[in-house]
Amino acid sequence: MSLRVVVSLAVLAIGLAEHGSNVRVSHYGTPYATSPRPTYPPTPSYTPRPTYQPRPTYKPEPTYRPKPTYRPKPTYPTQPTYRPQPAYPPPPSYPTKPAYPPQTPAYGPTPAYGPQPSYGAPACAAQTGKPWCINDKEYPAYEVQQAANQHKEKLLTLYADVADLDTKLSVDGLKTLYEETYLCPSETEYVRLLRAQNTDGKWRIIVNNIQVDYKDFTQTTRIEECLKQGNACPLVPQCYESKCLQKSIYHRFIVYDPYDQYFPFAIETFKLPASCACLLGASNIEY
């Protein structure tokens, strides 16, 4: 038995020597043949992949507007060729005038520009025959009121000026006539004139009976007229030479001038009857 095992091992060793490494022995001691290892070709060497550049981003092509179609230029007619002006002879030379002494030219009257004020007597004066009017149907109350509202500051300044200068002669506020006795008969009244004739003989519109800042604007004056001017004084004895004499006084009033466009108010002077005096002369007493 052992001899067989030895012989088997020897045969196995010889087989192994003949077949090389293709014969393997199992753990049971029985040899087995393996297939030979395949011979692989060498690994090929690959070229590296090329690095590609990114594609360029192209701008969109611009959209061009179509060119406008212009109208053809108009063809103007050719201008005519003018003939050259003829050469005129030079003007004749006249002899110089002798130097006369300067004379003052006689100019005509100055032309009247714009509307001229009418200084004639108004219709109210024809009814009384006096150089003033207390009642006047043609009095421009609306125009005076509008002008007073437009220039009230300057108008009040003028009114204060008249009041300061005529304080002693002012009778504003008096509405009743007290009983008075004089040597000569006279008629006295307190009036608010609407028109009057100034010291230059021109008729003026006197500002009266209007309202400025809701206050009455008035100019009242006292007038005393002789009833028998030039006659003897009735209360004086006949042995004395006497005569009733009309005395006047100057007043200053604010007037309205409709022809003045800048400031239609002014202060002017008027001469009005103030008293009826008795003038005494020499006595005719016989002894």
Side-chain angles (χ1 to χ4, degrees), residues 112-178 180 186-226 246-276:
Y113 298 99
Q116 295 297 315
S118 175
Y119 300 118
C124 61
Q127 300 175 0
T128 59
K130 298 179 181 180
W132 66 83
C133 289
I134 301 175
N135 300 317
D136 184 12
K137 296 181 180 180
E138 299 177 354
Y139 186 77
Y142 179 79
E143 289 78 3
V144 175
Q145 183 67 57
Q146 292 298 322
N149 294 335
Q150 185 177 359
H151 307 279
K152 61 181 180 180
E153 295 181 358
K154 293 183 179 180
L155 179 60
L156 292 176
T157 303
L158 288 181
Y159 189 64
D161 186 14
V162 173
D164 291 340
L165 294 178
D166 295 342
T167 303
K168 296 181 181 180
L169 304 176
S170 175
V171 291
D172 286 344
L174 295 179
K175 297 182 180 179
T176 60
L177 181 63
Y178 297 96
E180 300 174 353
S186 62
E187 182 180 5
T188 306
E189 57 182 345
Y190 295 95
V191 296
R192 295 175 180 175
L193 304 179
L194 299 181
R195 294 181 191 262
Q197 196 173 14
N198 62 7
T199 54
D200 296 332
K202 300 177 182 179
W203 282 88
R204 294 299 190 187
I205 301 172
I206 299 178
V207 180
N208 242 323
N209 302 329
I210 64 171
Q211 285 189 347
V212 180
D213 288 340
Y214 302 100
K215 294 182 180 180
D216 293 335
F217 187 101
T218 59
Q219 299 183 95
T220 309
T221 187
R222 179 182 181 276
I223 294 180
E224 180 181 350
E225 296 181 89
C226 287
Q246 178 70 60
K247 299 187 70 175
S248 301
I249 195 173
Y250 291 94
H251 295 266
R252 299 170 74 247
F253 296 121
I254 299 177
V255 299
Y256 170 72
D257 186 3
Y259 299 98
D260 193 341
Q261 300 179 358
Y262 298 98
F263 185 62
F265 297 102
I267 299 177
E268 294 189 6
T269 307
F270 298 83
K271 184 179 179 181
L272 299 175
S275 62
C276 186

Rounding to 0.5 Å, atoms CG (Asp136) and CD1 (Ile205) come to a distance of 8.0 Å
### Query
Passes side chain to side chain contact (heavy atoms under 4.5 Å, CB included), Thr221 versus Val191? Steps please.
CA-CA 6 Å; Thr221 187; Val191 296; 3.9 Å; yes
_Any Cys124 side-chain heavy atom under 4.5 Å of Glu138 side chain_ = no
Given the options Lys271, Arg195, Gln197, Pro131 meets side-chain contact (heavy atoms from CB on, under 4.5 Å) only with Gln197
* Please check if the side chain of Asn208 supplies one atom and the backbone of Leu193 the other of a donor-acceptor pair under 3.5 Å. => yes
Heavy-atom closest pair (Cys276 atom, Ser186 atom, distance to 0.1 Å) is CB-CB, 3.8 Å
Residue pairs passing the ring pair (Phe, Tyr, Trp, His ring centres under 6.0 Å) test with at least one member in residues 131-151, sequence neighbours excluded, are His151-Phe263
Practice prompt. State yes or no: are the ring centers of Tyr250 and Phe270 separated by less than 6.0 Å?
Written response: no
Applying side chain to side chain contact (heavy atoms under 4.5 Å, CB included) to Asn135 and Gln127, what does each step give before you reach the verdict?
CA-CA 10 Å; Asn135 300 317; Gln127 300 175 0; over 6 Å; no
In this structure, OG1 of Thr220 is separated from CZ of Arg192 (nearest 0.5 Å) by 4.0 Å
Hits for salt bridge (Lys or Arg N to Asp or Glu O under 4.0 Å) against Lys130, two or more places apart or cross-chain, chain-then-number order -> Glu225
Taken in chain and number order and not counting sequence neighbours, the residues that satisfy side chain to side chain donor-acceptor pair (under 3.5 Å) with Asp260 are none
Residues at least two apart in sequence or cross-chain that pass salt bridge (Lys or Arg N to Asp or Glu O under 4.0 Å) with Lys152, listed by chain then number, are Asp213
Test side chain to side chain contact (heavy atoms under 4.5 Å, CB included) on Phe253 and Arg204; report intermediate values, then the result.
CA-CA 10 Å; Phe253 296 121; Arg204 294 299 190 187; over 6 Å; no
Output for pair (Ile134 CD1, Leu194 CG), nearest 0.5 Å, gives 8.5 Å
| said: So for atom CD, which belongs to Gln146, do other residues, nucleotides or ligands contribute more than 12 heavy atoms lying within a distance under 6.0 Å? | reply: yes
dist His251:NE2 -> Ile206:CD1 (nearest 0.5 Å) comes out at 10.5 Å
Taken to the nearest 0.5 Å, the spacing of Asp257 CG from Tyr262 OH works out to 13.5 Å
CD1 (Ile210) and CD (Gln219) are apart, to the nearest 0.5 Å, by 9.0 Å
Side chain to side chain donor-acceptor pair (under 3.5 Å) filter on Gln246, not counting sequence neighbours, yields none
Minimal heavy-atom distance between Ser248 and Pro273, with the atoms involved, is OG-CA, 3.9 Å
- Could you go step by step and tell me if Ile267 and Ile254 meet the side chain to side chain contact (heavy atoms under 4.5 Å, CB included) rule? CA-CA 5 Å; Ile267 299 177; Ile254 299 177; 4.2 Å; yes
Sorted by chain and residue number, the side chain to side chain donor-acceptor pair (under 3.5 Å) partners of Gln145 (sequence neighbours excluded) come out as Asn149
**Message:** Is any side-chain heavy atom of Leu155 closer than 4.5 Å to one of Phe217?
**Reply:** yes
Exercise. Give a yes or no on whether the backbone of Lys202 and the side-chain of Asp200 come within a donor-acceptor separation of less than 3.5 Å.
Key: no
